[in-house]
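Here the structure comes first, spelled out in structure tokens, and everything after it is commentary.
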Amino acid sequence: MSIPKKVHIIEVGPRDGLQNETQTLSAALRVELIERLAQSGLKKIEVGSFVSPKWVPQMANTDAVLDALNSSNIKTLTQAQFAVLTPNLKGLEGAIQHGADEIAIFGAASERFTQKNINCSIKESLQRFEDIAASAQQLNLPMRGYVSTIIGCPYEGDIDPQAVADVAKTLYQMGCFEISLGDTIGVGTPIKFKRMLDAVLKDVPVEKLAVHCHNTYGQALVNIYASLEYGINKVDSAVAGLGGCPYAKGASGNIATEDVLYMLNGMNIDSGVDIDQVIATGQWICELLQRENQSKVGLALS
Ligand code: HMG
Ligand code: MG
């Protein structure tokens with residue numbers, strides 16, 4: 001496979017990032033963050049989650065965030081699309097009612113992580129997702145699917161690539177237009193990624209895959225590079241490397257969008273995103289949250 005000439009970035013900072021910050025941002029500030037990101041050319045942005053506010057209080061008010069975005073002219077100005085996480089039918093109802101452009105169901109290859117994250121077994125989660133898929137299909141609502149713990153699990157250790165492939169295949173067959181492969185705790189290395197991708201690619205075409213790399217061990221960029229070599233052209237990232245997963249202790253944020261853009265620009269790969277604007281937004285949000293910027297590129301260039 002040759003390295004793609006164009007790569008699509010899925011900005012997950014306002015969801016994956018903010019869900020794990022100690023400080024809960026107001027809906028108005030979340031909207032400002034999302035609008036800044038959209039203005040920098042990011043066309044797909046995860047803006048929140050319709051999950052239980054008891055489980056993830058930072059994502060409460062995702063309804064107000066979507067309402068504000070939909071009543072502003074940001075979509076017309078930027079053509080950005082706004083996605084939300086929906087773990088069950090209640091979440092789907094919220095997404096529909098508040099006009100999300102896209103939903104995401106989120107499963108995992110590890111039994112214990114699934115239990116901790118969404119309070120059910122893998123089998124039960126896939127049954128729930130079937131119900132969501134049926135409704136989403138009727139409404140023509142695009143549905144993305146996540147597989148978490150693709151390399152390692154905080155509770156079970158190493159994960160068998162075949163377990164990842166099994167969940168990815170089921171989500172694909174359920175109608176997900178894209179499967180995002182999540183290295184939730186960032187323990188992957190290129191060799192482990194390649195082993196995992198060899199298994200998944202037997203069942204899911206490469207153009208349907210995205211990678212979602214947390215940078216806990218500083219391996220995210222090399223794993224993304226390895227995935228590009230496999231022909232994958234969709235990469236999830238979070239401005240300033242915000243966040244982590246509240247149900248994976250010790251997991252740091254996603255790879256910073258700025259760092260992915262710097263690598264892509266240096267390889268003459270088109271992303272359509274203005275790195276300087278993302279860097280400025282990264283600095284802004286870090287000052288607001290009073291936290292260190294996790295983007296090496298953001299720190300070097302600002
Ligand atoms: P549960 O307790 O089993 O649910 O939680 P339940 O159906 O028994 O309901 C319990 C209460 O939650 C009820 O309220 C429901 O109404 C409410 P009460 O009567 O007690 O007041 N509830 C909801 N409220 C709002 N929206 C909903 C909803 N559903 C039920 N959709 C549930 C099950 C899935 C809801 C819970 O476990 C949950 O919310 N989990 C969210 C976990 C989460 O958001 N994790 C982070 C995202 S995943 C991630 O970060 C990984 C990823 O980035 C990829 C990677 O890095 O690998 C995607
Ligand atoms: Mg994540």
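In what follows, every heavy atom counts, from backbone to side chain, and hydrogens, waters and symmetry copies are set aside. Since the model is a prediction, treat every value here as computed from it, not as a measurement. Ligands are counted one by one from 1 in listed order, and the atoms in each one are counted from 1 as well.
Remark: distances from the non-hydrogen atoms of Met59 to ligand 1 are all 4.0 Å or more.
Closest heavy-atom approach to atom 32 (C) of ligand 1 among the candidates Thr114, Thr62, Ile118: Ile118. Within the set Ala108, Ser49, Ser148, the minimum heavy-atom distance to atom 55 (C) of ligand 1 is found for Ser148. Proximity annotation for atom 40 (N) of ligand 1: of Asn117, Val51, Ile185, Asn20, Asn117 comes nearest, heavy atoms only. If you check each of Gln58, Lys90, Arg128 against atom 24 (N) of ligand 1, the one with the closest non-hydrogen atom is Lys90.
Considering every non-hydrogen atom in both Ser271 and Ile9, the closest pair reads CB-CG1, 4.3 Å. Closest approach of Ile275 and Val297 over heavy atoms only: CD1-CG1, 4.1 Å.
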Would Glu11 and Thr257 satisfy side-chain hydrogen bond (donor to acceptor under 3.5 Å, both in side chains), going step by step from the backbone distance to the final call? CA-CA 7 Å; Glu11 170 59 49; Thr257 305; 2.6 Å; yes
Less than 3.5 Å apart, which donor and acceptor atoms pair up between the side chains of residues 202-211 and the rest of the protein, not counting sequence neighbours?
none

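In this model, a donor atom of one side chain and an acceptor atom of the other lie less than 3.5 Å apart for Asp67 and His98.
Here Arg15 has side-chain heavy atoms under 4.0 Å from ligand 1, and that is the only part of it that gets that close. When heavy-atom distances to ligand 1 are checked against a 4.0 Å cut-off, Val56 comes that close only through its side chain, counted from C-beta outward. At a 4.0 Å heavy-atom cut-off, ligand 1 touches Ser52 through backbone and side chain alike.
At least one N/O/S atom of Asp16, from backbone or side chain, sits under 2.8 Å from the Mg ion (ligand 2).
Between Asn119 and ligand 1, at least one pair of N/O atoms sits closer than 3.5 Å. Some N or O of Phe50 is nearer than 3.5 Å to an N or O of ligand 1, by distance alone. Some N or O of Gly91 is nearer than 3.5 Å to an N or O of ligand 1, by distance alone.
Annotation: side chain of Lys43 is not in contact with side chain of Gln81 (no heavy-atom distance under 4.5 Å). You'll find the side chain of Tyr225 reaches within 4.5 Å of the side chain of Ile3, heavy atoms only. The closest side-chain heavy-atom distance from Leu197 to Ile232 is below 4.5 Å.
Legend: residues meeting ring-ring contact (aromatic ring centres under 6.0 Å, His included) with Tyr146, ordered by chain and number and at least two apart, are His212.
The ligand atoms of ligand 1 that sit less than 4.0 angstrom from a heavy atom of Leu85 are 47 (C).
Among heteroatoms of the N, O or S kind in His212, NE2 lies nearest the Mg ion (ligand 2).
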